[in-house]
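Report on the following structure.
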Amino acid sequence: DSCEIEIGFYLDSDWSRAKVLSISTSVYDNSILGGTFELYTKKSNNNILKTGPLPYNITANEMHEAILIIDNRFNSTIVTETSIAKNGGKSWEIMFSDNIEPLKIEANGNGLFGDGASVMADISGPYNEVQAINMRSTSCYLHGGFKLMFNGFQTSALAWNASAVDIAKSLEG
């Protein structure tokens, strides 16, 4: 038996103005999604910047590369796949940082096929910084502790099941 522990952090002092762009493809439940879609934006001079055709099942890394085609200032964005449906539908979240105001990105799903095939792009935010610690075990008992380091400061040992309040107090010194 082995234990699997996932720990994920998104800590950055510039995330206080972060915004999230959600992109999702979908199709009716009784259909299978396929084909391509495009993301695009209009600049202030009415110039249209496009990604080119993107496969319906594009990975998070490929999505990140695609939005760099629209605007290379977004090299510090974080792209995550948030859901994958059995019929091919998929969702991604793109978190913008670095105090860059995200462009209004729109989606064109004319290259998608399947009954009810569509793509949507929606921006939301602003959000405060995101901090996530996830621990899970598939086959063993979790125990022990951990320490966090942030901006050169290391916490004292925290129990594996420390509450958010205990972690915040430890980070505040």
Side-chain angles (χ1 to χ4, degrees), residues 2-42 48-140 142 146 148 150 164 167:
S2 65
C3 294
E4 177 183 340
I5 298 178
E6 288 181 0
I7 301 179
F9 294 98
Y10 300 100
L11 300 175
D12 190 312
S13 59
D14 291 331
W15 284 99
S16 61
R17 292 190 55 205
K19 295 185 186 292
V20 175
L21 172 67
S22 298
I23 299 171
S24 59
T25 56
S26 63
V27 68
Y28 294 148
D29 287 340
N30 61 348
S31 188
I32 301 294
L33 184 65
T36 62
F37 63 95
E38 284 186 317
L39 300 177
Y40 65 94
T41 190
K42 288 183 183 178
I48 297 176
L49 301 174
K50 295 181 183 181
T51 59
L54 304 174
Y56 74 97
N57 60 350
I58 188 171
T59 68
N61 287 337
E62 292 167 334
M63 180 69 78
H64 183 260
E65 293 299 316
I67 63 170
L68 289 176
I69 293 169
I70 292 176
D71 193 324
N72 64 8
R73 295 176 305 147
F74 298 144
N75 61 357
S76 61
T77 57
I78 296 173
V79 180
T80 55
E81 294 177 17
T82 55
S83 69
I84 301 172
K86 290 179 186 177
N87 61 4
K90 205 169 185 182
S91 297
W92 305 264
E93 284 189 348
I94 303 169
M95 183 170 279
F96 297 90
S97 65
D98 294 331
N99 294 321
I100 295 173
E101 192 66 27
L103 300 171
K104 180 173 174 38
I105 295 177
E106 298 181 52
N108 176 345
N110 288 342
L112 292 173
F113 56 84
D115 292 338
S118 66
V119 61
M120 294 181 57
D122 183 43
I123 196 152
S124 57
Y127 295 98
N128 291 324
E129 64 190 49
V130 176
Q131 302 177 15
I133 301 173
N134 299 311
M135 293 177 158
R136 70 182 171 118
S137 171
T138 55
S139 62
C140 63
L142 286 175
F146 63 96
L148 298 175
F150 183 68
I167 293 170

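Nothing here was measured: the structure is a model prediction, and the numbers come from that model. Just so you know, these numbers use all the heavy atoms, side chains as well, and skip hydrogens, waters and symmetry mates.
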Do [X] and [Y] come close enough that some side-chain heavy atom pair is under 4.5 Å?
| X | Y | answer |
| --- | --- | --- |
| S83 | K90 | no |
| L49 | I69 | no |
| I94 | V79 | yes |
| D71 | T41 | no |
| L54 | E62 | no |
| I32 | V27 | no |

Distance in Å, [X] [atom1] paired with [Y] [atom2], rounded so as to fall on 0.5 Å steps:
| X | Y | atom1 | atom2 | value |
| --- | --- | --- | --- | --- |
| W92 | S22 | CH2 | OG | 11.5 Å |
| M120 | E106 | CE | CD | 12.0 Å |
| T80 | M63 | OG1 | CE | 10.5 Å |
| Y56 | L33 | OH | CG | 7.0 Å |
| T77 | L21 | OG1 | CG | 10.0 Å |
| Y40 | I105 | OH | CD1 | 11.5 Å |

Donor-acceptor pair, distance only, cut-off 3.5 Å: does the side chain of [X] make one with the backbone of [Y]?
| X | Y | result |
| --- | --- | --- |
| E81 | A60 | yes |
| S31 | D115 | yes |
| T51 | L39 | yes |

Above 12 or not: heavy atoms from other molecules or residues under 6.0 Å from CG of D29?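 Atom CG in D29 is not crowded, with 12 or fewer foreign heavy atoms closer than 6.0 Å.
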